[in-house]
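Heads up: the structure comes next, in structure tokens.
Both backbone and side-chain heavy atoms feed into the values below; hydrogens, waters and symmetry mates do not.
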Amino acid sequence: MSKVSVAQFAREMKLRNFTPEIDLEEVHITKSDVNRPGLELTGYFEHFAKGRIQIIGKVESSYLEQLPADLREKRYVKLLDQDIPCMVMCRGFAPYGKAIAKARERGIPILGTRKSTSNFMAQAIRYLSGELAPSISIHGVLVDIYGEGVLLLGESGIGKSEAALELIRRGHRLVTDDVVEIRKMSDDTLVGQSPQITQYFIELRGIGIVDVKTLFGVEAVKERQTIDLVIRLEHWERAREYDRLGMDEEYTEILGTKVVCHTIPIRPGRNLAVICETAAVNHRQKKMGYNAAAELYRRVQENLEEGGRTDDARENTKKSQDKNEISRNKKGAL
């Protein structure tokens, strides 16, 4: 299970720690969702969102303020008795002394921030969604081509890194070579990045390791990129039929998400960089509503229909001429 330590979360969100006695490195967050206790502060804990960060904002604080001191303490204690990783006080609010004592006893950190509740919630969810998203590492190369994230797949030595290098020289950006770490940020969004140890490096057989950022500058690299298109490279086989029109999209599945996939046969003399550029632009064009294959099909259909109408017109004209000829013959016989 993916997890984030409360210490890491506190550092990222710049939070104040009201319970320094608790080792934040030993407490972990496993859910990206957060919870603002509402009915829970009235004593109703049925269907309580366990495992989530509990956020106390202006509404929750004002409600607790108007409660009698003993009841207020009871509600805090009841909340801290639940299975939660931590509690965050927003807008600069501070917890009561007895609440801090209960938190120390239960080992639940209480943190604080001066940010507004809604702003903090949005930042926390965005950060935790990225850190706790389902992830996988695959062998491939990820490049940013005209803003489209193109994932190059294929067996080792087929030319993925060489294609990426040529794309970099043509002004595009490298995200990662050899190993791609992919995170599923939402049901239809995959984001790829490089492992820290190999970031900005490319391996070229016969040359060795190349530092793209040093050789080509910071404009040639990118830390992470959504994956919009997959190009699978394979050796060309004479007996195999390859798609030549592109009417029907092919897909590959990564972490349960379908991504458009093109299979490109490799032959001597084919410029992979130009092919990848064209595939990326064509994919963007399809997303904008224009499909070249569909347009060609429409033109062919119109041409066939026009040809059919011309043939019908010719046949009707011939029939009319035949009728006129028969009519003249009858008049001549009379």
Side-chain angles (χ1 to χ4, degrees), residues 1-61 63-64 72-137 181 183-186 191 193 195-197 224:
M1 179 184 296
S2 299
K3 59 184 179 181
V4 175
S5 70
V6 173
Q8 179 182 340
F9 176 71
R11 286 193 298 269
E12 182 69 24
M13 305 301 293
K14 298 179 174 59
L15 302 177
R16 175 186 176 186
N17 187 7
F18 291 107
T19 53
E21 301 83 2
I22 300 175
D23 186 0
L24 302 187
E25 294 287 355
E26 297 300 319
V27 185
H28 295 93
I29 303 167
T30 59
K31 294 185 178 180
S32 59
D33 294 325
V34 300
N35 183 58
R36 291 185 68 175
L39 288 174
E40 293 85 354
L41 297 181
T42 69
Y44 183 79
F45 280 86
E46 293 294 329
H47 311 294
F48 177 71
K50 296 181 179 180
R52 298 184 184 182
I53 296 172
Q54 303 299 308
I55 298 178
I56 305 296
K58 184 176 181 180
V59 174
E60 294 78 15
S61 293
Y63 173 75
L64 291 168
R72 183 189 309 129
E73 178 186 346
K74 183 179 179 181
R75 297 291 164 74
Y76 262 118
V77 169
K78 181 68 174 175
L79 182 61
L80 291 169
D81 272 336
Q82 308 304 312
D83 182 17
I84 61 176
C86 64
M87 179 187 294
V88 180
M89 312 290 294
C90 294
R91 293 185 176 271
F93 295 118
Y96 296 96
K98 291 185 178 180
I100 294 178
K102 181 63 178 178
R104 291 170 181 164
E105 177 187 331
R106 293 276 289 124
I108 297 175
I110 298 182
L111 310 172
T113 179
R114 292 192 174 277
K115 296 176 183 177
S116 66
T117 312
S118 57
N119 185 31
F120 173 76
M121 287 179 63
Q123 292 181 18
I125 292 173
R126 182 171 61 250
Y127 171 72
L128 292 175
S129 295
E131 293 297 316
L132 300 176
S135 61
I136 189 175
S137 295
E181 292 182 349
R183 293 182 181 274
K184 184 175 181 178
M185 306 302 292
S186 67
V191 175
Q193 63 183 29
Q196 191 67 33
I197 193 171
R224 58 181 58 87

Report summary line: All heavy atoms of Val191 vs all of Met185, minimum pair found to be CG2-CG, 3.4 Å

Query - Heavy-atom check, side chain of Thr30 versus side chain of Leu132, under 4.5 Å - result: no

Report task. Could you tell me how the ring of Tyr127 sits relative to the ring of Phe9: parallel (under 30°), tilted (30 to 60°) or perpendicular (over 60°)? Result -> tilted

Query raised in the report: Quick one: CD1 on Ile136 to CD on Glu181, what's the gap to the nearest 0.5 Å?
Result: 11.5 Å

Report task. Would you name the heavy atoms of Pro85 and Ile108 that are closest together and state the gap between them? Result -> O-CG2, 4.1 Å

**Report entry** Asn17 and Thr19: CA distance, side-chain angles, deciding distance, side-chain hydrogen bond (donor to acceptor under 3.5 Å, both in side chains) verdict
**Finding:** CA-CA 5 Å; Asn17 187 7; Thr19 53; 3.1 Å; yes

Report summary line: Rounded to the nearest 0.5 Å, the NZ atom of Lys78 sits from the CG atom of Leu41 at a distance of 12.5 Å

Report task. Please tell me if the side chains of Phe93 and Ile56 come closer than 4.5 Å, counting only heavy atoms from C-beta onward. Result -> no

Requested in this report: Using the side-chain hydrogen bond (donor to acceptor under 3.5 Å, both in side chains) rule, collect all pairs that involve residues 45-59, keeping only residues at least two apart or in two chains.
Outcome: Asn35-Gln54

Query raised in the report: From Leu128 CG over to Lys3 NZ, what is the distance, rounded to the nearest 0.5 angstrom?
Result: 15.0 Å

Query raised in the report: Taking only residues at least two apart or on different chains, which pairs with a member in residues 119-128 satisfy salt bridge (charged side-chain N to carboxylate O under 4.0 Å, His left out)?
Result: none

Query raised in the report: Hey, does Glu12 have a side-chain heavy atom less than 4.5 Å from the side chain of Glu131?
Result: no

Query raised in the report: Is Val88 close to Val34 at the side-chain level, that is, under 4.5 Å between some pair of heavy atoms?
Result: no

Query raised in the report: Side chain of Glu40, backbone of Gly38: donor and acceptor closer than 3.5 Å?
Result: yes

Requested in this report: Evaluate the side-chain proximity of Val27 to Cys86: yes if any heavy-atom separation is below 4.5 Å, no if none is.
Outcome: no

Identify each donor-acceptor pair in which a side-chain atom of residues 94-107 lies under 3.5 Å from a protein atom, sequence neighbours left out, and give them as a table.
{"unit_1": "Tyr96", "atom_1": "OH", "unit_2": "Glu65", "atom_2": "OE2", "d": "3.2"}
{"unit_1": "Tyr96", "atom_1": "OH", "unit_2": "Arg72", "atom_2": "NE", "d": "3.1"}
{"unit_1": "Lys98", "atom_1": "NZ", "unit_2": "Glu73", "atom_2": "OE1", "d": "3.2"}
{"unit_1": "Lys102", "atom_1": "NZ", "unit_2": "Asp81", "atom_2": "OD1", "d": "3.3"}
{"unit_1": "Arg104", "atom_1": "NE", "unit_2": "Glu21", "atom_2": "OE1", "d": "3.1"}
{"unit_1": "Arg104", "atom_1": "NH2", "unit_2": "Glu21", "atom_2": "OE2", "d": "3.3"}
{"unit_1": "Arg106", "atom_1": "NE", "unit_2": "Leu80", "atom_2": "O", "d": "3.1"}
{"unit_1": "Arg106", "atom_1": "NH2", "unit_2": "Asp81", "atom_2": "O", "d": "3.0"}
{"unit_1": "Arg106", "atom_1": "NH2", "unit_2": "Gln82", "atom_2": "O", "d": "3.3"}

Query - Atom pair OG (Ser116) and CE (Met121), whose distance is rounded to the nearest 0.5 Å - result: 10.5 Å

Query - Close side-chain approach of Leu111 and Ile53, heavy atoms under 4.5 Å - result: no

Query raised in the report: Are any side-chain N or O atoms of Arg224 and backbone N or O atoms of Gln193, one a donor and one an acceptor, separated by less than 3.5 Å?
Result: no

Requested in this report: Nearest 0.5 Å please: distance from the OG atom of Ser129 over to the CZ atom of Arg183.
Outcome: 11.5 Å

Query - Short side-chain to backbone donor-acceptor contact, Glu60 and Gly57, under 3.5 Å - result: yes

Query raised in the report: Can you list the steps and then say if Lys184 with Ser135 is a side chain to side chain contact (heavy atoms under 4.5 Å, CB included)?
Result: CA-CA 6 Å; Lys184 184 175 181 178; Ser135 61; over 6 Å; no

Report summary line: Between the CZ atom in Arg114 and the SG atom in Cys90, the distance rounded to the nearest 0.5 Å is 12.0 Å

Report task. Compare all side-chain heavy atoms of Met13 with those of Thr113 and state whether any distance is below 4.5 angstrom. Result -> no

